[in-house]
Amino acid sequence: MIINNLSGLLQGKSAIAVFTKTGQYLDLDKGKTGIWKIDISRITNASKIVIYYRHNNVNEIHWGDYKKFSKSGVSGRFYIHSDNFKYVGFTHNNWNDFALAGQNPVRYHLL
């Protein structure tokens, strides 16, 4: 499925979206999104976590229900967890156009 933008995907749901192209610390099978510098007061209101994963010239979109965050062992950075990540499609849009996030790799949607 082609996904044009974050707001179209979420359709009114609150979420945190993150961009990655290295996949470092990314383990969707174990529900980990990588390590992120996040505003923990905002993330607790999220219902979804969206991963924009750019690799091999493809912009994959994965999502799951937000479960929790946990310390990563890297100062000021946290894991974001879900227990049900699934691939939902891809986008032709770059991160900025997809999430309206500028250069920041974290986007809070309706939070």
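The shown structure was predicted, so the numbers you read here are calculated from the model rather than taken from an experiment. Count residues from 1 along the sequence.
- Residues Tyr87 and Glu60 come closest through the heavy atom pair CE1-CG, 3.9 Å.
- Phe19 approaches Arg54 most closely through the heavy-atom pair CE1-NH2, 3.5 Å.
- Partners of Val88 under the side-chain contact (heavy atoms from CB on, under 4.5 Å) rule, at least two apart in sequence or in another chain, are Ile3, Leu9, Ile61, Trp63, Lys86.
- Contact between Trp95 and Ala101 at its shortest, heavy atoms only, is NE1-CB, 3.5 Å.
- Tyr79 and Ile38 sit in two unconnected hydrophobic clusters of ILVMFWY residues. Membership requires side-chain heavy atoms under 4.5 Å apart, directly or through other members.
- With rounding to the nearest 0.5 Å, the separation of CE in Met1 from CZ in Phe90 is 10.0 Å.
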Please assess Tyr52 against Phe98 for the test ring-ring contact (aromatic ring centres under 6.0 Å, His included), listing each intermediate value before the final yes or no.
CA-CA 9 Å; Tyr52 178 112; Phe98 176 79; 5.5 Å; yes
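- Note that OG1 of Thr33 and OH of Tyr53 are 13.0 Å apart. Values are rounded to the nearest 0.5 Å.
- Distance CD1/Ile35 to CD1/Ile80: 11.0 Å, rounded to 0.5 Å.
- Both Ile43 and Val106 are part of a single hydrophobic cluster, where members link through side-chain heavy atoms under 4.5 Å apart.
- In this structure, Lys48 forms no cation-pi arrangement with Tyr66, as its terminal cationic atom is not both closer than 6.0 Å to the ring centre and no more than 45° off the ring axis.
- Note that CG of Asn104 is 10.0 Å distant from NZ of Lys37, once rounded to the nearest 0.5 Å.
- Note that NZ of Lys21 and CG of Leu26 are 15.0 Å apart. Values are rounded to the nearest 0.5 Å.
- Between Asn5 and Asp97, every side-chain heavy-atom pair lies at or beyond the 4.5 Å cut-off.
- Here the shortest heavy-atom pairing between Asn4 and Thr91 reads O-OG1, 3.9 Å.
- Residues Ser47 and Ser14 approach most closely at OG-O, 2.8 Å, considering heavy atoms.
- A side-chain donor-acceptor contact under 3.5 Å links Asn94 to the backbone of Asn96.
- You'll find the side chain of Leu6 reaches within 4.5 Å of the side chain of Arg107, heavy atoms only.
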Determine, step by step, whether His81 and Lys32 satisfy the side chain to side chain contact (heavy atoms under 4.5 Å, CB included) criterion, reporting the C-alpha distance in whole Å, the side-chain angles of both residues, the deciding distance to 0.1 Å, and the verdict.
CA-CA 5 Å; His81 301 270; Lys32 289 185 178 179; 3.8 Å; yes
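- The CG atom of Asn93 sits 8.5 Å away from the CG atom of Asn59 when rounded to the nearest 0.5 Å.
- Cluster annotation: Leu28 and Val50 are assigned to distinct hydrophobic clusters (Ile/Leu/Val/Met/Phe/Trp/Tyr, side-chain heavy-atom contacts under 4.5 Å, transitive).
- One hydrophobic cluster holds both Trp36 and Ile40 under the rule that ILVMFWY side chains link at heavy-atom gaps under 4.5 Å.
- Annotation: side chain of Thr44 is in contact with side chain of Phe69 (closest heavy-atom distance under 4.5 Å).
- Considering only residues two or more places apart in sequence or on other chains, Ser82 meets the side-chain contact (heavy atoms from CB on, under 4.5 Å) condition with Ile49, Asn84, Phe85.
- Listed here is the closest heavy atom pair of Lys13 and His109: O-CD2, 3.3 Å.
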